[in-house]
K.L.:
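One structure, pasted below without further comment.
A, B, ... follow the sequence lines: proteins, then strands. Residue 1 opens every chain.
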Protein chains: 2
Amino acid sequence: MSFTNHDGLRPTPGECNSKLAAASDALYVIGGKWRLKIILALADGHKRFNEIQRALSGISARVLSNELKELEINGFVIRKVYTDFPVVIEYELTPYSDTLSPVLQSLIEWGEMHREKIMHEGNGQKQSAIALEETL
Amino acid sequence: MSFTNHDGLRPTPGECNSKLAAASDALYVIGGKWRLKIILALADGHKRFNEIQRALSGISARVLSNELKELEINGFVIRKVYTDFPVVIEYELTPYSDTLSPVLQSLIEWGEMHREKIMHEGNGQKQSAIALEETL
DNA sequence: CGGGATCCCATTTGATACTG
DNA sequence: CAGTATCAAATGGGATCCCG
């Protein structure tokens, strides 16, 4: 019903506001529909543009292009151009992306737990809420 | 540069795909611009509609209304109507919201860390990336 | 106060075509 | 392959009015 702080107490409004601000800062750079997914898609190694697009079914080239630029500006992704022939362009995560590990880890674990829950509750009355489209 | 799994190894593509799916499931319900912020706004106790709106500067009544409905459907928030006079309507988090604690915690910590980094790097050339609007 | 309904504009996105 | 350009369509979101 409420989160507890390190003292096991309900957080004060002041604490909550600063937490809200911190979360907002985070969401500002890694929020949105694709950011974290792109980072995850690159987590098992560098990929080329079209590989990323295939890994994240549903994203258009234009959106992927824009998101990659943003991620590069913010230091999560690096774009490497190998000028050998044929020219190969690859994207890979920077070390800074590793700092997101706890966030991604907890998000993934929560997602697995949530999916379990949704599957088991027989989908009572309200429409369930797993990423149906993604699974297609 | 890459995340490691519990064995300290780079995750395999298969592992990554299932992680991507899990993260997608999570983002499907708690993604979006406001969901997590609303939950955080309620973390220090029940609030009324307008209190939430004030806590999250920038959200319109219509959007807040829609988001609260979604959060209610998905079991994160409960809407309580006190029919005394005057009628009072309050929103509060359900116990299920507590399962998000690790996600929120890591997100908040990352946000704090990231803000520090942005502040200190003198904002070299690329535009910085903290939630400026939120701070206004 | 707590919203629902409508209108209308702005931004985002998708599809397609095109280029280096 | 790795994108960019362009146009149309969808979506988001603000403003306003209204009701209980």
K.L.:
Where the side chain of B/Ser97 meets the backbone of B/Leu93, is there a donor-acceptor pair that is under 3.5 Å apart?
P.N.:
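No: the side chain of B/Ser97 does not pair with the backbone of B/Leu93.
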K.L.:
Counting N and O atoms only, with roles assigned by atom type, does the side chain of B/Glu51 sit under 3.5 Å from a partner on the main chain of B/Arg48, one being a donor and the other an acceptor?
P.N.:
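Checked: pair present.
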K.L.:
Figure out the CG/P separation between B/Leu64 and D/dG14, and round it to whole Å.
P.N.:
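Rounding to the nearest Å, CG of B/Leu64 and P of D/dG14 are 11 Å apart.
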K.L.:
In whole Å, what is the span from the CD1 atom of B/Ile52 to the C1' atom of C/dC1?
P.N.:
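Atom-to-atom, B/Ile52 to C/dC1, this comes out as 13 Å.
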K.L.:
Could you tell me whether the side chain of A/Arg35 and the main chain of A/Val29 form a donor-acceptor pair under 3.5 Å?
P.N.:
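Yes.
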K.L.:
Write down the protein N/O and nucleotide N/O pairs, taken from nucleotides 4-7 of chain D, whose separation is under 3.5 Å; answer none if there are no such pairs.
P.N.:
unit_1	atom_1	unit_2	atom_2	d
D/dT4	OP1	A/Lys69	NZ	3.3
D/dT4	OP2	A/Ser65	OG	2.6
D/dT4	OP2	A/Lys69	NZ	3.4

K.L.:
Does the side chain of B/His46 pick up a donor-acceptor pair with the side chain of B/Glu90 at under 3.5 Å?
P.N.:
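B/Glu90 and B/His46 do have a side-chain donor-acceptor pair below 3.5 Å.
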K.L.:
Ignoring backbone atoms, establish whether A/Ser60 has a side-chain N or O less than 4.0 Å from OP1 or OP2 of C/dT13.
P.N.:
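No, because none of the side-chain N or O atoms of A/Ser60 sits under 4.0 Å from OP1 or OP2 of C/dT13.
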K.L.:
Starting at atom CD1 of A/Ile59, determine the distance to atom P of C/dA15, rounded to an integer number of angstrom.
P.N.:
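These atoms are roughly 13 Å apart.
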K.L.:
Determine whether a donor-acceptor pair (N or O, by modelled atom type, separation under 3.5 Å) exists between the side chain of A/Ser24 and the backbone of A/Leu20.
P.N.:
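Checked: pair present.
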K.L.:
Using a cut-off of 4.0 Å on non-hydrogen atoms, how would the nucleic acid contact of B/Gly58 be classed: base, sugar-phosphate, or nothing?
P.N.:
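Here B/Gly58 touches the backbone only, sparing every base.
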K.L.:
Pull out every protein N or O sitting under 3.5 Å from an N or O of nucleotides 18-20 of chain C, one pair per line with the distance.
P.N.:
none

K.L.:
As a test of reading the structure: which of D/dC1, D/dG14, C/dG3 is closest to the side chain of A/Asn50, going by heavy atoms?
P.N.:
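Nearest to the side-chain atoms of A/Asn50, counting from C-beta on, is D/dC1.
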K.L.:
With hydrophobic residues grouped by side-chain heavy-atom distances under 4.5 Å, do A/Ile89 and A/Ile59 end up in a single group?
P.N.:
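Same cluster.
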K.L.:
To the nearest Å, give me how far apart CD (B/Glu51) and P (C/dG2) are.
P.N.:
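These atoms are roughly 8 Å apart.
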K.L.:
Starting at NZ of A/Lys80 and ending at C1' of D/dC1, how long is that distance when rounded to a whole Å?
P.N.:
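Nearest whole value for this atom pair: 20 Å.
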K.L.:
Answer yes or no for B/Lys33 and A/Tyr28: cation-pi contact, defined as NZ/CZ to six-membered ring centre under 6.0 Å and angle to ring axis within 45°.
P.N.:
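No; the conditions do not both hold, so B/Lys33 does not lie above the ring face of A/Tyr28.
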K.L.:
From the set D/dA2, C/dG3, C/dT13, return the single nucleotide nearest to any side-chain atom of A/Val63.
P.N.:
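The answer is C/dT13.
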